Peer 1: 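Have a look at this one before I ask anything.
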2 protein chains.
Amino acid sequence: MANRHADTIADELEDMILDGRFANNDRLDEVQLAQRFSVSRTPIREALQRLTQAGLVEQIPRRGAFVRQPGAIELIEMFEVMAELEAASARFAAMRMTDAALGDLNDANEKCLKAMQDQDADSYYRENERFHHIIYAQSGNSFLEAEAKRLHRRLKPFRRLQLRLRGRLRQSMSEHESILEALANGDPEMAAEVTRQHVAVQGEKFHHLIATLKIAAE
Amino acid sequence: MANRHADTIADELEDMILDGRFANNDRLDEVQLAQRFSVSRTPIREALQRLTQAGLVEQIPRRGAFVRQPGAIELIEMFEVMAELEAASARFAAMRMTDAALGDLNDANEKCLKAMQDQDADSYYRENERFHHIIYAQSGNSFLEAEAKRLHRRLKPFRRLQLRLRGRLRQSMSEHESILEALANGDPEMAAEVTRQHVAVQGEKFHHLIATLKIAAE
DNA sequence: GTCAAGTTTTTTGTATACAAGACGTTCAGA
DNA sequence: TCTGAACGTCTTGTATACAAAAAACTTGAC
């Protein structure tokens with residue numbers, strides 16, 4: 001986007017935070033990071049600014065930058081919004097998408113199915129992501145696509161978690177089928193509703209998961 | 001958010017861009033801005049980074065920062081997304097909102113009506129904004145509220161434009177009534193649908209407006 | 001032993017200095 | 001006159017220097 005160093009540093013830090021390599025409220029020391037990346041504080045500060053804007057970091061004046069992992073409530077809220085963005089994408093896609101794209105979507109879904117049967121988690125994630133990204137793109141609304149991708153990426157590590165729940169994968173596949181059907185039929189309302197449920201249930205599953213973890217921790 | 005100078009400078013520049021005080025593709029010279037704000041380039045650069053993240057400015061490596069006014073297509077896309085965010089807010093609000101908030105909403109709407117009768121544009125804008133912000137807040141989803149506010153603010157100058165169209169104000173008021181009714185009845189689907197239309201029509205009106213301007217310019 | 005005020009030490013925020021890439025200009029050659 | 005390459009200037013990106021504010025530590029009184 002802008003400069004070379006600050007740019008790549010921001011990306012790396014973003015990955016590190018999203019991968020959970022920092023605990024919540026960890027302080028990101030500028031000089032430490034500068035040494036770690038072998039640059040001065042300037043590009044580090046620019047990177048931290050970017051992460052702050054992205055909501056991954058909170059900067060408190062004269063205090064420093066702290067990683068800001070979303071809490072349970074905020075995550076549920078984010079899943080709710082994600083469900084709406086996906087539902088909107090699907091509604092538009094039902095009206096606007098090309099036959100070629102529908103073919104791609106089918107392809108992604110079949111590969112998802114195959115990955116599930118092969119117990120190939122990495123492949124499943126990749127194709128599942130492709131499935132959803134195709135829908136965003138086929139909304140015919142670049143702005144919506146960008147917003148959906150942004151939030152999708154933000155939620156990525158948490159989606160991974162909830163997919164571990166027993167039976168969730170199979171259920172998810174069946175939901176994909178319904179989405180495909182609605183899109184193929186060009187039924188906007190159905191596509192929106194089915195997609196909303198598909199994503200919303202992820203949020204709920206996630207909720208169950210953390211509730212379970214909390215109980216287990218007691 | 002972070003530091004004092006860069007912060008206020010970013011806000012000022014944002015206002016200037018949103019107010020249309022810069023033409024599209026205007027280059028924002030760092031030293032010029034630094035002199036203008038009586039600071040060094042450092043806080044200017046931080047401000048520009050923020051504006052870039054907000055989508056108001058495009059930074060091209062080794063070339064500089066350019067103001068990036070959204071084109072007609074992008075604006076229509078943004079209105080489409082705004083309609084979805086508002087519809088989602090309204091759907092949740094229909095299920096979650098308090099009686100007190102419903103009263104506030106009624107109050108805002110009545111003041112809108114009065115402002116329209118008084119031809120008091122400023123007052124109308126203020127109360128209309130309050131009306132919508134109440135709905136965001138009553139979605140019970142802080143994340144959604146924040147996203148809606150962000151986009152709402154971004155579209156502000158363009159909403160102003162389209163409201164100048166003949167008869168739009170009266171129509172807008174009648175749409176508000178429908179929204180209120182759906183919310184009062186606690187009907188999520190109706191609230192979502194009516195709200196979506198209310199905002200979507202703004203996008204369409206805006207489209208008409210620029211089409212008209214284009215014709216007039218020929 | 002505890003609390004508080006003063007001092008030292010860190011750390012952020014800003015200014016300035018320096019390096020390197022992009023653009024414009026000029027001058028030579030066809 | 002047009003093309004193109006070398007030079008010079010300008011601007012961005014990064015490093016460093018400095019100032020101010022906050023945190024941490026010391027010291028003294030109770």
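Just so we're clear, the structure is a prediction, and the values are computed from it rather than from any experiment. Note on naming: letters A, B, ... go to the chains in the order of the sequence lines (proteins, then strands), and numbering restarts at 1 for each one.
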Peer 1: Between dT11(C) atom C1' and F66(A) atom CZ, what is the distance in whole Å?
Peer 2: 11 Å
Peer 1: Could you check whether any side-chain N or O of T195(B) sits under 3.5 Å from a backbone N or O of A191(B), counting only pairs where one atom can act as donor and the other as acceptor?
Peer 2: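 Checking the backbone N and O of A191(B) against the side chain of T195(B), a donor-acceptor pair under 3.5 Å is found.
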Peer 1: Quick one: E46(B) CD to dT14(D) C1', roughly how many Å, whole number?
Peer 2: 14 Å
Peer 1: Grab the CD1-C1' distance between I44(B) and dT14(C) for me, whole Å please.
Peer 2: 12 Å
Peer 1: Can you give me the N/O atom pairs linking the protein to nucleotides 15-17 of chain D at distances under 3.5 Å, or say none if there are none?
Peer 2:
| unit_1 | atom_1 | unit_2 | atom_2 | d |
| --- | --- | --- | --- | --- |
| dA15(D) | OP2 | S40(A) | N | 2.6 |
| dA15(D) | OP2 | S40(A) | OG | 2.8 |
| dA15(D) | N7 | T42(A) | OG1 | 2.9 |

Peer 1: Determine whether a donor-acceptor pair (N or O, by modelled atom type, separation under 3.5 Å) exists between the side chain of E77(A) and the backbone of F143(B).
Peer 2: yes
Peer 1: Answer yes or no: are there more than 12 heavy-atom neighbours, outside R150(B) itself, under 6.0 Å from its atom CZ?
Peer 2: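 Yes, the 6.0 Å shell around CZ holds more than 12 heavy atoms from other groups.
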Peer 1: Given atom CG of D29(B) and atom C1' of dC10(D), what is their separation to the nearest angstrom?
Peer 2: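 In whole Å, dC10(D) C1' and D29(B) CG are 10 Å from each other.
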Peer 1: Can you tell me the distance, in whole Å, between the CG atom of L28(A) and the P atom of dG13(C)?
Peer 2: 13 Å
Peer 1: Does H152(B) have more than 12 heavy atoms from other residues, nucleotides or ligands lying within 6.0 Å of its NE2?
Peer 2: yes
Peer 1: Taking side chain to side chain donor-acceptor pair (under 3.5 Å) as the criterion, tell me which of K149(A), E86(A), E147(A) meets it with Y136(A).
Peer 2: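 Answer after filtering K149(A), E86(A), E147(A): E86(A).
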Peer 1: If we ignore hydrogens and angles and just use 3.5 Å, is the side chain of R154(B) paired with the main-chain N or O of M78(B) as donor and acceptor?
Peer 2: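 No, R154(B) side chain to M78(B) backbone: no donor-acceptor pair under 3.5 Å.
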Peer 1: Roughly what angle, to 10°, lies between the helix axis at the start of the helix from dG1(C)-dC30(D) to dA30(C)-dT1(D) and the one at its end, five pairs per end?
Peer 2: 10°
Peer 1: Within this structure, what is the CG-to-P distance between D7(A) and dG13(D), rounded to whole angstrom?
Peer 2: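 Value for this atom pair: 10 Å.
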Peer 1: Sequence neighbours left out, what pairs pass side-chain hydrogen bond (donor to acceptor under 3.5 Å, both in side chains) with at least one residue falling in residues 92-107 of chain A?
Peer 2: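 Qualifying pairs, neighbours excluded: R96(A)-E80(B), D107(A)-K111(A), D107(A)-R130(A).
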Peer 1: How long is the line joining CD of Q49(B) and P of dT14(D), in whole Å?
Peer 2: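 Spelled out: CD on Q49(B) to P on dT14(D) is 10 Å.
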Peer 1: Identify each atom pair where a protein N or O and an N or O of nucleotides 21-23 of chain D are less than 3.5 Å apart, giving names and distance.
Peer 2:
| unit_1 | atom_1 | unit_2 | atom_2 | d |
| --- | --- | --- | --- | --- |
| dA23(D) | OP1 | R63(A) | NE | 2.5 |
| dA23(D) | OP1 | R63(A) | NH1 | 2.8 |
| dA23(D) | OP1 | R63(A) | NH2 | 3.2 |

Peer 1: Please state how far atom CD1 in I60(B) lies from atom P in dG21(C), giving the value in whole angstrom units.
Peer 2: 18 Å
Peer 1: Just by modelled atom types, is the I17(B) backbone N or O under 3.5 Å from a matching donor or acceptor in the Q69(B) side chain?
Peer 2: yes
Peer 1: Using modelled atom types only, decide if a donor and an acceptor are shared between the side chain of D26(A) and the backbone of V67(A) within a distance under 3.5 Å.
Peer 2: no
Peer 1: For D19(B), check side chain to side chain contact (heavy atoms under 4.5 Å, CB included) against everything at least two apart and list the hits.
Peer 2: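 If we apply the side chain to side chain contact (heavy atoms under 4.5 Å, CB included) test to D19(B), skipping adjacent residues, the hits are R21(B).
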Peer 1: Would you mind listing every ring-ring contact (aromatic ring centres under 6.0 Å, His included) that reaches into residues 71-97 of chain B, with sequence neighbours excluded?
Peer 2: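 Of all non-adjacent pairs touching residues 71-97 of chain B, those that pass ring-ring contact (aromatic ring centres under 6.0 Å, His included) are F79(B)-F206(B).
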